[in-house]
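What follows is a set of notes on a single structure, which appears directly below.
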Amino acid sequence: MNVFMTGGSGFVGSTLTRELTQRGHRVTILTRRIRAGHPLPEGASFLEGNPTAKGPWQKRAAEHEVFINLAGRSIFGRWTDETKKDLRESRILTTENLVEAMQGRRGKETHFFSTSAVGYYGFHGDEELTEESPAGRDFLATLAVDWESEARRAEAVGARVVLCRFGVVLGRKGGMLGQVAPIFRLFLGSPLGSGRQWFSWIHEKDLAGVFLFLMDHPGVRGPVNCTAPEPVRNCEMTKILGEVLGVPTFMPPVPGFVLRWVKGEFGSVVLEGQRVLPRRLQAAGFTFRFPRLREALQDLLGQVGL
């Protein structure tokens with residue numbers, strides 16, 4: 001199939017592009033500027049355009065059967081009013097423009113896989129959260145609700161819409177591990193706050209596998225939790241990561257007030273977490289290659305110290 005992807009230059013998009021092309025799909029990656037020397041696998045190509053602005057790229061996008069929207073500024077970091085505006089616009093405007101591009105596909109087979117996040121659910125302590133759980137009311141939850149509502153507009157033009165609610169994606173070349181692993185290697189790894197908050201995660205290979213699975217199962221639509229079936233508490237994640245890296249984790253927990261002081265509002269997100277389960281994927285028959293955190297980290301970081 002012909003796949004149109006936004007946000008395809010990041011570590012998630014790179015992994016997904018490789019998996020898609022290996023399966024024989026053709027992938028077009030929308031990028032603000034085509035840089036020389038950026039290698040792509042055979043079967044993939046770049047298209048220059050700004051996803052947050054309307055443009056000629058929308059006509060080209062309409063030539064594709066599958067749309068995968070991974071675009072959006074990273075939530076990791078301190079949130080200012082300007083940051084929040086960018087977080088919102090990078091998601092809502094991109095989705096709005098993609099839906100507009102799909103107007104040219106009325107009456108044709110169209111699949112729209114739009115990224116969302118487990119932040120949709122807000123904070124619920126130890127409660128298990130599935131696709132049926134209600135939305136929260138904090139900033140991230142409200143953003144996810146609006147983001148998904150914009151994506152659902154594609155149903156009016158006959159598109160099948162799947163809302164992929166990501167947990168924390170663990171990968172070799174970016175994301176959370178890229179920030180955390182160097183700290184642990186300096187023997188500075190420690191739990192955050194109480195350490196009892198839940199950490200819902202997914203291995204990058206499983207995430208790519210989810211998209212391939214969903215492409216092959218057109219009966220699945222609506223919200224889908226893209227998380228491993230075994231979330232862990234932050235203290236357990238800290239212990240396992242230290243063991244996989246072969247480093248001690250003897251540092252005292254980072255106090256919650258310190259994290260909030262350093263990270264601002266985002267610090268509260270890290271300290272709360274969510275216990276999210278991929279019920280719809282499991283019911284549809286998806287098999288995770290890395291359902292447990294230890295095996296996932298061993299694959300990504302090697303079996304150092306074990």
Side-chain angles (χ1 to χ4, degrees), residues 75-76 79 115-145 147-148 163-170 175-177 179-180 183-184 189-203 206-207 210 222-244 249-284 286-297:
I75 66 169
F76 293 97
W79 296 349
T115 305
S116 183
V118 296
Y120 171 94
Y121 301 109
F123 310 126
H124 293 267
D126 291 341
E127 180 183 346
E128 293 184 344
L129 302 172
T130 72
E131 289 85 355
E132 305 302 319
S133 300
R137 297 183 179 180
D138 59 282
F139 170 73
L140 277 187
T142 302
L143 174 57
V145 168
W147 193 6
E148 292 186 5
L163 306 168
C164 302
R165 294 174 181 166
F166 285 14
V168 177
V169 183
L170 303 181
M176 187 207 79
L177 279 185
Q179 298 183 36
V180 171
I183 296 173
F184 274 66
S190 66
L192 303 176
S194 69
R196 292 188 52 78
Q197 68 272 33
W198 288 94
F199 175 67
S200 295
W201 59 277
I202 188 169
H203 190 295
D206 273 332
L207 183 59
V210 166
V224 173
N225 289 337
C226 299
T227 61
E230 297 188 18
V232 298
R233 295 187 188 274
N234 175 261
C235 57
E236 184 180 359
M237 184 272 289
T238 300
K239 179 177 181 292
I240 293 173
L241 180 54
E243 290 174 351
V244 170
T249 50
F250 55 80
M251 295 293 290
V254 178
F257 75 89
V258 172
L259 196 60
R260 290 189 178 92
W261 178 69
V262 173
K263 295 293 187 180
E265 188 176 346
F266 177 65
S268 296
V269 175
V270 176
L271 291 168
E272 296 283 353
Q274 290 102 0
R275 188 182 187 182
V276 180
L277 301 178
R279 287 281 168 79
R280 296 201 67 199
L281 280 175
Q282 291 178 310
F286 180 75
T287 301
F288 286 85
R289 294 174 61 184
F290 301 98
R292 290 172 289 278
L293 183 63
R294 184 179 299 277
E295 286 76 10
L297 292 176

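Nothing here was measured: the structure is a model prediction, and the numbers come from that model. In this chain, residues are counted from 1 in sequence order.
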First locate atom CG of Leu271, then atom CG of Leu259, and finally report the distance between them rounded to the nearest 0.5 Å. 4.5 Å
Could you give the distance from CG (Leu170) to CG (Leu177), rounded to the nearest 0.5 Å? 5.0 Å
Using a 3.5 Å cut-off and no angle test, enumerate the donor-acceptor pairs between side-chain atoms of residues 226-234 and protein atoms at least two apart in sequence or in another chain.
residue : atom : partner : partner atom : Å
Thr227  : OG1  : Val276  : O            : 3.4
Arg233  : NH1  : Asp126  : OD1          : 3.2
Arg233  : NH1  : Arg196  : O            : 2.7
Asn234  : OD1  : Leu192  : N            : 2.8

side-chain contact (heavy atoms from CB on, under 4.5 Å) filter on Val262, not counting sequence neighbours, yields Val258
Contact check, side chains of Leu163 and Trp147, non-hydrogen atoms, under 4.5 Å: no
For Glu127, what residues pass the side-chain contact (heavy atoms from CB on, under 4.5 Å) criterion, not counting sequence neighbours? His124, Leu129
Evaluate the side-chain contact (heavy atoms from CB on, under 4.5 Å) criterion for residues Leu241 and Thr249: first the C-alpha distance (whole Å), next the side-chain angles of each, then the deciding distance (0.1 Å), finally the verdict. CA-CA 9 Å; Leu241 180 54; Thr249 50; over 6 Å; no
To the nearest 0.5 angstrom, please state how far the OG1 atom of Thr238 sits from the CD atom of Glu243. 11.0 Å
Candidate pair Phe288 and Leu281, rule side-chain contact (heavy atoms from CB on, under 4.5 Å), full reasoning: CA-CA 9 Å; Phe288 286 85; Leu281 280 175; 4.1 Å; yes
What residues, two or more places apart in sequence or in another chain, satisfy side chain to side chain donor-acceptor pair (under 3.5 Å) together with Glu131? none
Side chain to side chain donor-acceptor pair (under 3.5 Å) against Tyr121, all qualifying residues, sequence neighbours excluded: Arg165, Asn225
Starting at CD of Glu236, measure out to CZ of Arg294 and round the result to the nearest 0.5 Å. 8.5 Å
Only counting residues at least two apart or in another chain, list the ones meeting side-chain contact (heavy atoms from CB on, under 4.5 Å) with Phe257. Pro255
Can you run down the salt bridge (Lys or Arg N to Asp or Glu O under 4.0 Å) pairs that involve residues 260-278, sequence neighbours left out, and say none if there aren't any? Lys84-Glu265, Glu128-Arg275
What residues form a side-chain contact (heavy atoms from CB on, under 4.5 Å) with Ala296, not counting sequence neighbours? Trp201, His203, Phe290
Where do Asp206 and Phe286 come nearest, in terms of heavy atoms and distance? O-CZ, 3.7 Å
Side chain of Ser200, backbone of Gln274: donor and acceptor closer than 3.5 Å? yes
For the residue pair Pro253 and Gly193, what are the closest heavy atoms and their distance? CB-O, 3.5 Å
Applying ring-ring contact (aromatic ring centres under 6.0 Å, His included), can you list everything that pairs with Phe266, at least two apart in sequence or on another chain? Phe76, Trp79
If you measure from OH on Tyr120 to CG on Asp138, what distance do you get to the nearest 0.5 Å? 12.5 Å
